[in-house]
S.K.: 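Dumping the structure here so I can ask a few things about it.
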Amino acid sequence: MNTNRPWWRPDGFYIYAVLYLIFIYLPVLFLPVFSFNNSKYIAFPLKGFTLKWYEAMINNPPMLNALMNSIKIGLIVAILSTIFGLLAAKAVTRYRMPGRAPVVGFIMIPLVIPEIILGISLLILLSLADIPLSLLTVGFAHLLLCVPFSMLVLVSRMEGFDKSMEEAGLDLGENAWMTFWRVTFPIVLPGIIASLLLTFTISFDEFVLAFFLSSIEQTLPVYIWSSLRFPSKLPPTLALGAAIFMASFIVVTFAEWIRRRGVRLDSTSGI
Amino acid sequence: MEHDAIISFQNVSKHFGKVKAVDHASFDIQRGEFFSLLGPSGCGKTTLLRMVAGFEMPSSGEIFLDGQPMSVSPPNRRPVNMVFQNYAIFPHLDVRGNIAFGMRKSGLSKGDLNKRIDEVLELIKLPGYGSRGADELSGGQRQRVALARALIKQPKVLLLDEPLGALDKKLREQMQIELRQLQQQLGITFLFVTHDQEEALTLSDRIAVMSEGQVLEIAAPSQLYESPSSRFVADFIGTMNFFEGTVTAITANNMTIATQVLGEVRTTCEESFPLGAEVWVAIRPEKFRPEFTSPARDIDSIEGRMGPSAYLGDRSHFYVHIANRDDPVLVALQNLEGSVHQLSRPDQPVWLRWSEDAVVVLAKD
Amino acid sequence: MNNAVTPSGIRLELRKLFLKSEPVRGYTLLSPTLLAMILGLAMPLVVLFTLSFWLQEYLDFIRTFSLANYVEFFQKPIYVKLLLKSIRISGMVTIATVLLAYPMAYFIAFRVKSNKLIWLILITVPFWTSYLLRVFAWKIMLGYNGVINSGLKSLGFLTEPLAFLLYNPTSVVITLAHAWAAFAILPIYVSLEKIDRSLLEAGRDLGENAWMTFLRVTLPLSLPGVIAASLLVFIPTVGDYVTPSLVGGPRGIMIGNIIQSMFGQSQNWPMGAAISVMLMFTVAAMIGLFLWGTHSYRKRVA
Amino acid sequence: MNKDQLTEKLATGKMSRRQFNKALASLGATMVMMPMGSRMALGASGDHPTVFTWEGWEIPELHGDYIAKHGESPNFAIFADEEEAFAKMRAGFKVDITQPCTYKIPMWYDAGIIEPIDTSRLSNWSDITPSLKTIPGTVYGGKQYFIPTDWGQTSVLYRPDLAPEYVDNESWGILWDPKYKGRLSMSDSLVDGVMVAAIYSGAENPFDMTDAEMAKTRAALKEQLPLIRFYWDSPTEVEQALASGELVAGTTWNDSYATMKSEGHNVAYMSPKEGAMTWVCGFCIMTDHDPAKIDKIYDYIDAYMSVETGVYEITEYGYGHGNAKAFEQVDPEVLADLGFTSSNPDDMLGSGIFQVAMTNEAALQEMFDEVKAGY
């Protein structure tokens with residue numbers, strides 16, 4: 001396929017990709033723009049440059065605390081739900097199991113059940129079990145929500161990845177765990193990365209469950225949602241959003257720079 | 001269990017739900033043998049192989065590998081290695097990485113391991129291919145890498161699951177020779193699964209013919225071909241002409257069978273059939289000698305008419321119509337002197353002759 | 001002789017069982033996931049179903065079995081109408097999102113050679129800013145004095161801002177299609193990525209043009225990803241209520257808003273539960289239909 | 001191994017699985033420990049009560065006396081609206097203090113989740129504006145179940161430059177003016193939304209309507225629906241839209257006026273001839289509070305009732321405060337800028353319609369949902 005096409009003569013796909021990136025970035029790029037705007041209100045025309053929203057953001061410990069909470073929960077949930085999803089995906093794609101379809105259906109239920117019901121019922125469950133609300137309970141709820149996402153992504157990767165690869169790993173003397181680590185893991189790595197990205201994004205952005213299952217520690221969406229009551233709190237939040245956005249961008253660029261300096265890390269693994 | 005058996009199947013069965021994939025298999029494979037499992041697809045040969053590898057567990061019975069029962073051994077603890085049908089080359093590793101995969105716990109130093117890999121690459125005739133990626137290899141090369149990856153482990157038994165099925169004919173024949181040489185050179189027991197009878201005959205020391213989960217016969221290729229023990233085996237290995245008959249006389253060394261088509265057929269008697277038994281008389285196509293003049297004696301011969309023929313290069317196939325028989329009899333002839341044209345005139349009368357020891361008698365059930 | 005009762009014998013038997021039985025191995029792998037799900041889901045489901053057969057009287061539940069909520073669901077036109085509206089909107093969102101995402105996923109899978117990870121992250125980064133902020137961002141884009149209106153105005157195409165850009169079902173579709181973009185691209189990418197390149201080349205060798213190769217090889221092989229993507233977008237958006245209430249305008253409510261208000265302002269949890277049950281069944285039925293349809297498509301192509 | 005080495009080794013692929021596993025394990029351990037660490041950093045410890053309140057009402061400036069006495073703030077859990085808060089508590093969430101508004105008190109009382117408050121334990125009780133102490137639905141059997149601390153108005157915020165004819169004719173009617181089709185907004189709630197329609201349609205007591213009045217309210221809502229740009233969920237939305245000119249008028253709380261004015265926007269806050277609505281919020285003590293924390297519970301409420309808190313709330317948030325003395329401390333000019341027409345809170349409170357509990361909220365909500373769905 002035409003891999004050697006010079007960048008100044010892009011083909012349709014390349015043009016499409018750029019347009020698509022514009023579509024997903026354009027609205028988000030207004031966050032930084034308005035985070036420097038000297039007005040509480042997000043509206044044109046711009047009123048002049050200011051850094052005061054960033055100052056307000058830095059001097060807003062509850063918001064930063066909420067941000068940290070969300071990052072923590074997001075990372076833990078992403079890793080755990082990807083592990084759970086991977087185990088489950090392997091089980092249902094690799095073994096002949098009676099009751100496979102109902103089990104899969106059961107795991108998918110969090111996708112169909114309205115979040116407010118999941119939130120309220122989990123809260124009832126927790127108060128029956130006398131478990132106090134904390135970030136852990138939020139994390140558990142997010143885990144329930146994320147596992148189906150993770151599993152769906154990974155099942156679609158595992159299906160059609162040849163089972164004999166894993167058998168070859170076993171056959172060559174590795175136990176199940178090492179076979180997983182040395183064969184399955186690298187081959188499903190694109191799926192794992194996609195799952196990590198997705199589940200982190202879900203958890204990081206989830207509001208309803210986090211509201212019902214958090215106590216005195218908030219996550220960022222809960223903080224932002226409740227702080228909309230005060231318009232003056234929006235611009236610092238905007239500054240935070242812009243900062244997250246720019247920071248992720250810098251991290252990604254930096255990571256890419258590191259990678260380019262290093263040797264060809266994984267030329268054949270598909271990622 | 002015989003003394004030198006490397007693998008011993010004892011009453012091994014495997015069920016998938018109601019399907020009996022393998023039904024009470026009991027036999028031994030000797031150390032150093034090239035042993036083939038042959039049968040049509042779905043006969044259970046791959047399941048049997050996978051049970052040796054440990055990917056499937058017998059529903060009942062036990063497999064002994066070098067005297068050890070295998071029912072508690074996972075695949076990674078068995079002294080066997082497998083060449084998979086589709087080779088299962090790890091896509092994320094290069095050739096060297098694939099070959100080195102199983103050597104993690106070998107205790108070899110890095111240098112020694114590299115030397116071993118180079119040796120094996122030499123063995124499979126791919127020196128200098130170590131840094132190729134899996135997607136940069138041809139089918140034959142993948143097959144060699146899969147072989148090397150298994151052989152470097154120095155298994156007690158090498159399992160091969162139709163490894164040549166995906167190759168074209170020429171490459172397949174070349175690989176057959178190489179495989180045979182490799183096996184003799186290394187002295188490792190090969191357990192080879194195939195549905196290609198010619199391949200099995202070419203390669204094997206012994207062949208187990210399987211059908212519908214059952215092992216029908218285990219024998220050396222020549223015995224399997226020359227004196228099969230059942231109609232299925234006779235039919236599956238090569239081609240065979242079958243005629244119905246009844247045993248009419250038995251002497252110490254000879255048996256006479258009356259057939260409607262061939263008349264009285266005499267044969268050397270190896271297996272004992274009772275007088276009056278209904279049997280199949282089977283004669284291989286190449287055992288017929290066509291003649292175009294009426295023979296002196298009418299015993300051990302039959303008159304027919306030439307039907308269609310097929311030129312196959314090294315040999316030709318002729319279909320001969322015989323009275324009292326709907327299907328023509330198949331006759332194969334080496335194209336020794338290019339005398340094909342003379343034979344292939346349609347409707348020409350022809351007499352087919354055979355010798356006594358060409359006749360195989362099979363029980364009719 | 002029977003050593004099955006000694007501890008080591010029992011271990012041996014268990015081990016035999018483990019190796020022998022695929023269901024045992026499968027469920028062992030599934031057990032952590034299943035355990036978490038049973039812990040966290042069985043209860044909500046029981047609560048949900050039980051509630052849906054109760055009735056609410058001011059602050060108390062009438063705990064006798066009753067089908068009244070379900071009868072009301074079908075008797076009052078509002079519920080079915082909103083359910084259908086929600087399905088229509090999230091169906092449109094799903095189609096738009098998946099159609100837009102496919103070429104992008106294809107691009108990353110087949111055209112990007114060395115830095116795919118970067119592309120994947122590049123696609124998810126916009127979604128690490130808060131959802132609410134992104135909704136505000138869309139309001140900036142589509143709003144009265146927003147980017148599009150201001151742009152068109154300054155170019156002289158408009159004298160009065162276009163009001164129809166925001167606060168209607170279309171803006172809900174646009175906002176949701178944007179919000180769920182990553183959820184469509186990633187699964188499709190994952191399934192495209194595993195397609196053996198030689199198959200595509202084989203397709204070309206057989207004399208098919210690029211488009212036919214796509215239709216007959218690539219698309220069927222990537223179908224699991226497309227299915228996953230469709231489900232990942234469709235299911236969560238059916239029940240969404242935040243987006244419609246923020247950008248949908250006065251008529252923008254969907255079934256999720258009703259459920260929300262049943263558990264909040266209306267203080268009628270049993271009715272809310274009954275609506276949720278109906279929503280779940282409808283969605284499950286649609287998924288079943290969808291999977292059945294794609295399955296038979298796959299069979300036909302294969 | 002430090003972080004740079006880690007990245008370097010990962011990038012060059014030189015890291016062994018064992019090292020990687022070790023790094024992963026330590027990362028995991030760190031993350032599991034992190035929530036505990038940050039909680040300690042917050043300084044909220046187990047012996048403080050938990051206050052369930054609105055975002056923005058938990059800041060230290062609003063309970064200075066408590067911090068002075070106990071060295072740190074109590075614990076806060078945040079809600080965005082009282083319905084969600086109520087649902088959360090009904091499902092089992094236990095807190096010590098809540099901060100709802102008056103119209104929710106009867107329901108919470110009926111639900112048995114709030115308990116009587118011993119006003120003699122509150123040193124600032126005598127300074128509370130008298131008319132706030134007797135709001136219907138907050139006193140049962142002579143016992144105070146609610147301490148009023150915050151109040152404000154719900155009225156129409158509008159752009160006089162875009163709707164000049166309403167400057168001298170302030171009326172809820174602007175929200176039904178077809179001239180401004182698509183440029184109007186109302187709160188997406190019963191008390192600040194549907195009640196407006198009830199007032200506009202002439203209900204005698206909007207909070208306790210007859211069936212005929214309900215029907216008229218419904219008709220008013222239906223009439224208004226095509227004129228509405230959106231129903232707002234948060235003041236931020238409506239203020240944004242008023243600032244950009246997208247909206248001409250919308251219902252808001254009076255602090256929106258103060259904020260927008262201070263930003264230099266041309267807005268005016270109505271005193272509608274039909275009467276503005278007055279809301280009052282304050283504190284309840286929950287029945288399942290931790291008995292061991294009762295002293296601190298009273299300390300917190302008392303601190304919030306103080307003059308200092310009042311002044312801060314009036315000047316910074318633009319809301320009224322329950323402590324009458326607080327108004328005396330604020331410059332009348334500042335008060336006027338904030339939209340307070342008088343320095344005597346009783347004057348303002350008397351002119352408005354007090355928001356009290358609505359009878360049959362469920363039916364009202366159902367009606368509102370149906371109207372929004374097009375029925």
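Basis for what follows: all heavy atoms, side chains included, without hydrogens, waters or symmetry-related copies. Given the structure is predicted, the values throughout are model-derived calculations rather than measurements. We name chains A, B, ... by the order of the sequence lines, and we start the count at 1 in each one.
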S.K.: What do you reckon, are the aromatic ring centroids of A:Trp225 and A:Phe211 less than 6.0 Å apart?
M.R.: no
S.K.: Among A:Ser195, A:Pro110, A:Gly74, single out the residue with the greatest number of heavy-atom pairs under 4.5 Å to chain C.
M.R.: A:Pro110
S.K.: Top residue by heavy-atom pair count (under 4.5 Å) with chain C, among A:Leu240, A:Ile109, A:Leu198, A:Ile244?
M.R.: A:Leu198
S.K.: For the backbone of A:Ile192 and the side chain of A:Thr82, can you confirm whether one donor and one acceptor N or O come within less than 3.5 Å of each other?
M.R.: no
S.K.: Picking from A:Gly99, A:Ala88, A:Ala89, A:Ala141, which has the most non-hydrogen pairs under 4.5 angstrom with chain C?
M.R.: A:Ala88
S.K.: Of the backbone (N, CA, C, O) and the side chain (C-beta and beyond), which part of A:Leu234 lies under 4.5 Å from a heavy atom of chain C, both, or neither?
M.R.: side chain
S.K.: Does any donor atom in the side chain of C:Tyr102 or C:Ser222 lie under 3.5 Å from an acceptor atom in the other side chain?
M.R.: yes
S.K.: Which bit of C:Leu132 is near chain A, if near means a heavy-atom gap under 4.5 Å: side chain, backbone, both or neither?
M.R.: side chain
S.K.: Look at C:Leu45, C:Val242, C:Leu279, C:Thr28 and state which one has the largest set of heavy-atom pairs under 4.5 Å with chain A.
M.R.: C:Leu45
S.K.: Output the option from A:Leu126, A:Leu29, A:Ile224 having the highest count of non-hydrogen pairs under 4.5 Å with chain C.
M.R.: A:Ile224
S.K.: Taking side chain as everything from C-beta outward and backbone as N, CA, C, O, which of these in C:Met104 sits under 4.5 Å from a heavy atom of chain A? Side chain, backbone, both or neither.
M.R.: both
S.K.: Who wins among A:Leu143, A:Ile107, A:Val147, A:Leu86 for the most heavy-atom pairs under 4.5 Å with chain C?
M.R.: A:Ile107
S.K.: Could you look at A:Leu125 and say if it's the side chain, the backbone, both or neither that has a heavy atom under 4.5 Å from chain C?
M.R.: both
S.K.: Compute the centroid of each ring, for A:Tyr25 and then for C:His178, and state whether the two points are separated by less than 6.0 Å.
M.R.: no
